[in-house]
Amino acid sequence: MKKLLAAALAVALIQIPFAGNAADAPSLVSTATLGDISLKNVSNAAVADAVSDDQGVLLGGIGSDLYHDPSDPKDIFYVITDRGPNNDTVQPDKSAGTGFVVPGFSPIIMKVRITGADVEVLETKAITLKNRKGVSGLPNVKGYDAVPTDVKGITSSALYNVAGQDSEGIIRLSNGQYWIVDEYAPSLTNLTSDAVVKRRYVPTNWLGSSTEFSISKSIPEIYLKRKANRGFEALAVTPDERTLFIGLQSPLLNPSSAIGNASLATRILRFDIRTKTFTGEFVFGFEKQSVVDAKSTKASDLKLSALVALDSDTLIVQERTDNSFLLSTIEIDNSANILGTKWDLAATTPSLESYTGAGTHAEVEALIALAQKKIIFNSTSIPSMPMKIEGVSVIDSNHIVVVNDNDFNFAYNATTGKVENGSTKSSFLTIKLAAALPTTPEIALAKFGKACLTEGAKSADLTCKANGRDLRWRK
């Protein structure tokens with residue numbers, strides 16, 4: 001308790017927006033833009049006859065996340081789309097809906113090379129089931145997910161699919177397998193190297209079921225209180241491939257929508273890849289919305305959208321609005337682990353989500369302070385930064401790459417009944433930071449490889465093999 005209280009006293013000193021000297025300001029190195037690609041063609045190449053009509057929409061939304069493997073060349077990245085092109089609709093009863101413009105679309109994973117101003121697509125895979133049918137991007141459970149409709153606001157049972165993924169985060173292991181997270185369940189999913197669903201981890205008592213893939217209902221039940229379409233948004237893997245960190249986009253609506261929407265506390269889960277179990281849960285404290293975005297007037301604008309694991313205990317966290325974002329480093333302190341505690345119980349009062357800033361919830365504030373949050377980058381330092389940056393990768397101690405989610409770059413014209421493409425492209429920005437990062441995944445990976453080579457370190461060597469990242473080649 002003394003440690004928690006001491007940490008709480010330090011929180012005001014830790015959570016200070018980064019402001020370097022003008023000479024040390026971050027700078028934009030380059031911008032690469034994805035060219036026009038037919039959504040129908042790329043979908044049908046990945047899943048035969050999946051899309052009969054793409055309404056003229058081009059491939060977009062690839063900026064839902066961005067992953068760079070530290071053992072890959074520095075110009076190689078993996079990206080993932082979300083559920084596909086959609087628009088806000090009004091149903092005949094005047095209630096809100098989500099219109100699916102291309103309901104046959106399944107989320108796409110792409111391997112790309114970024115060179116100067118060019119984006120070269122090297123591989124394209126759709127997320128599929130073992131029968132090779134696409135999972136689709138459709139909502140899973142009626143009454144729990146937002147209501148799906150066509151572009152005109154008409155819903156039907158055919159617009160629900162328990163396998164559907166609103167995918168947001170992605171990592172790729174050295175053995176070729178992928179892990180992704182989604183906003184619906186919210187879920188964590190293990191994919192084969194061909195992007196076939198192996199197992200989906202969802203909250204306890206989630207109502208979905210399937211015979212086409214394995215389901216583990218092992219996430220704390222309280223995550224069923226996620227805000228619709230604000231489930232898991234961010235995913236990171238430690239360089240040794242032992243651990244995943246999973247970011248919840250927005251505070252849970254716990255115990256109510258009013259409290260959740262006003263909250264400045266969201267959650268990060270920790271998952272052990274070898275044992276396939278959740279081993280930790282940590283609180284992330286958002287800055288006040290006006291600190292992240294001078295134009296924002298409400299806390300519900302804030303979102304946790306990206307994570308990068310610099311090593312086993314240090315994360316970069318992106319907090320954003322649609323307009324701007326901050327990047328911070330945090331430390332994972334096991335004394336701040338709340339998994340299985342009262343904070344996972346809906347009956348706890350006041351709830352974790354009742355934290356709305358300094359001085360509003362001492363216990364939660366102390367947990368947040370243990371993360372030693374340090375803001376390292378403010379997107380407003382780059383005037384040409386696109387809106388809705390959702391993917392972040394580290395390529396060395398001084399450089400990062402970010403990508404925007406352009407929401408498939410379209411608008412539906414209700415008058416003409418046609419889709420109109422816009423001008424916002426999917427762009428990758430390489431940025432030089434004002435100050436070097438404390439470490440990088442590449443440095444951590446090299447240390448892990450050295451441990452594998454240490455004479456007599458048999459357990460470490462077995463761990464390397466068990467994780468699929470046998471680094472003895474570094475000898």
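- In terms of modelled atom types and a separation under 3.5 Å, the side chain of Asn86 and the main chain of Gly99 share no donor-acceptor contact.
- The aromatic rings of His68 and Phe77 sit tilted, their planes meeting at an angle between 30° and 60°.
- Tested against Asn404, the residues Asn406, Val402, Asp407 include a single side chain to side chain contact (heavy atoms under 4.5 Å, CB included) partner, Asn406.
- Side-chain atoms of Thr128 never come within 3.5 Å of backbone atoms of Lys133 as a donor-acceptor pair (strictly under, hydrogens ignored).
- Residues Arg113 and Glu123 are not paired through a salt bridge, judged by the lack of any N-O separation under 4.0 Å between the basic side chain and the carboxylate.
- Relative ring orientation between Tyr201 and Phe271 is described as perpendicular, the plane-to-plane angle rising above 60° on a 0-90° scale split at 30° and 60°.
- Aromatic ring orientation, Tyr78 versus Tyr178: perpendicular (interplanar angle above 60°, classes split at 30° and 60°).
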Salt bridge (charged side-chain N to carboxylate O under 4.0 Å, His left out) between Asp344 and Arg267, intermediate numbers included: CA-CA 11 Å; Asp344 282 340; Arg267 304 174 185 228; 3.1 Å; yes
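- A donor-acceptor contact shorter than 3.5 Å is absent between the side chain of Asn337 and the backbone of Phe282.
- Between Gln249 and the options Arg226, Glu183, Lys303, Glu390, a side chain to side chain donor-acceptor pair (under 3.5 Å) holds for only Glu183.
- Listed for the Glu241 side chain is a donor-acceptor partner under 3.5 Å among the backbone atoms of Ser174.
- Checked by atom type and distance alone, the side chain of Asn44 pairs as donor or acceptor with a backbone atom of Ala50 at under 3.5 Å.
- A donor-acceptor pair under 3.5 Å links the side-chain atoms of Asn140 to the main chain of Gly164, judged by distance alone.
- A salt bridge links Arg83 to Asp166: one of the charged nitrogens lies within less than 4.0 Å of a carboxylate oxygen.
- The distance between the ring centers of Phe284 and Phe286 falls below 6.0 angstrom.
- Proximity of a side-chain donor or acceptor of Ser187 to a complementary backbone N or O of Thr189 within less than 3.5 Å is not detected.
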